[in-house]
Amino acid sequence: QYDAPEAVEVVLCFYNSVGCPVRWLHVDGAKELVAGGVAPLAKKHQVRITANVPGASRQNMTEPYNRLLGKGVRNLLAGSLMPLGFREYAEDYWQESQNLTPSRDPPHDCSLGRLLSFKGQTVKPPGGHRRPFGCLAIVSDCPRLPSGTLVNKMREQGLYCIHLGYRGGRCGSFERLGNDHSQPGFLCYHADSDSLLITTDVRFVP
């Protein structure tokens, strides 16, 4: 909680850098913000802070979104027959779909595109990497000789996995802090080894 001022300042700097300065923050209770000393920071940047009032419902503007998020995650897990342990991946997948969904009104842009647009330059994030959540993904895992010839041509060459999403740079979903992966690719779960694979060499069977 005592890193709250630094976190808020990073957010303010980002939105200022893309030409969308923040002028109002509405938060839940804001105990960690008060304890961390965000009020002086907000005053410095002329940012208004308001908080929910205990006992008054529907003051948090994220509550309706969170209800939709919970329903979307449950639908994804139920539709793919996957256990609750994959809820975080289902949540990332659902939020990515919301961020890439075009608006009903012209110019039919998506929320992520509006966020990334800068100084009049329209950004249209790609969505061609999307595949059905939880579908069968056959990852090529073909051991080869230095000459490129398959070690065993008669052996089954693919790993049967479950598709969880796309990680790396397309829209910001499935990103994690750290250096656990060096290149983007499809995120697949291999049940036999209980491991996650990130690869572009994969065939999907919806």
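Values below: every heavy atom of this structure, side chains too, minus hydrogens, waters and symmetry copies.
- Taking the side chain as every heavy atom from C-beta outward, V8 and L41 approach each other to under 4.5 Å.
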Practice item. Give the C-alpha distance, both sets of side-chain angles, the deciding distance and a yes or no for side-chain contact (heavy atoms from CB on, under 4.5 Å) between Y189 and C161. Key: CA-CA 5 Å; Y189 173 69; C161 301; 5.8 Å; no
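- The neighbour count for R23 CZ, taken as heavy atoms of other residues, nucleotides or ligands under 6.0 Å away, is above 12.
- Across all their heavy atoms, T200 and G185 have their closest contact at CG2-CA, 4.0 Å.
- Listed here is the closest heavy atom pair of P206 and C135: CA-CB, 3.9 Å.
- The nearest pair of heavy atoms linking V73 to R87 is CG1-O, 4.0 Å.
- Residues L77 and L81 are members of separate hydrophobic clusters, defined by side-chain heavy-atom contacts under 4.5 angstrom among Ile, Leu, Val, Met, Phe, Trp and Tyr.
- One finds the CG atom of L112 at 14.0 Å from the NZ atom of K124 (value rounded to the nearest 0.5 Å).
- Between V47 and L12 the shortest side-chain heavy-atom distance falls below 4.5 Å.
- Taking all atoms of both residues into account, the shortest heavy-atom contact from L100 to G127 is CD1-CA, 4.3 Å.
- Here S195 pairs with S193 under the side chain to side chain donor-acceptor pair (under 3.5 Å) rule; sequence neighbours left out.
- Side chain to side chain, Q95 and Y65 meet the donor-acceptor criterion of an N or O pair below 3.5 Å.
- Put simply, CD1 on I162 and OG on S80 are 8.0 Å apart, with the number rounded to the nearest 0.5 Å.
- By the side chain to side chain donor-acceptor pair (under 3.5 Å) test, H108 is found to be paired with no residue, residues two or more places apart in sequence or in another chain being considered.
- The ring of F186 has its center closer than 6.0 angstrom to the ring center of F204.
- Under a hydrophobic clustering in which Ile, Leu, Val, Met, Phe, Trp and Tyr are joined whenever their side-chain heavy atoms come within less than 4.5 Å, directly or via other members, L25 and F14 fall into the same cluster.
- A side-chain donor-acceptor contact under 3.5 Å links R130 to the backbone of Y93.
- Within the 4.5 Å cutoff, the side chain of I49 has heavy atoms near those of the V38 side chain.
- Side chains of E9 and H45 form a contact here, defined as non-hydrogen atoms less than 4.5 Å apart.
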Exercise for review: Give the C-alpha distance, both sets of side-chain angles, the deciding distance and a yes or no for side-chain contact (heavy atoms from CB on, under 4.5 Å) between D201 and V139.
Suggested key: CA-CA 6 Å; D201 195 0; V139 175; 5.9 Å; no
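- Applying the salt bridge (charged side-chain N to carboxylate O under 4.0 Å, His left out) criterion to D109, with sequence neighbours excluded, gives R114.
- Counting only heavy atoms from C-beta outward, the side chains of L164 and L196 approach each other to under 4.5 Å.
- Between P125 and C110 the shortest side-chain heavy-atom distance falls below 4.5 Å.
- With rounding to the nearest 0.5 angstrom, the CG atom of L159 is 6.5 Å from the CG atom of L197.
- Defined by atom type and a distance below 3.5 Å, a donor-acceptor pair is missing between the side-chain atoms of D192 and Y160.
- In the hydrophobic cluster analysis, where Ile, Leu, Val, Met, Phe, Trp and Tyr join through side-chain heavy atoms closer than 4.5 angstrom, Y15 is grouped apart from V10.
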Exercise for review: Kindly determine whether H129 and E96 satisfy side-chain contact (heavy atoms from CB on, under 4.5 Å), including the steps that lead there.
Suggested key: CA-CA 11 Å; H129 60 282; E96 181 186 63; 3.1 Å; yes
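- Looking only at side-chain heavy atoms (C-beta outward), W94 and L69 come within less than 4.5 Å of each other.
- Annotation: F133 is not in aromatic contact with F86 [ring centroid separation under 6.0 Å not met].
- The minimum heavy-atom distance linking R167 with L187 is given by the pair NH2-CD2, 4.2 Å.
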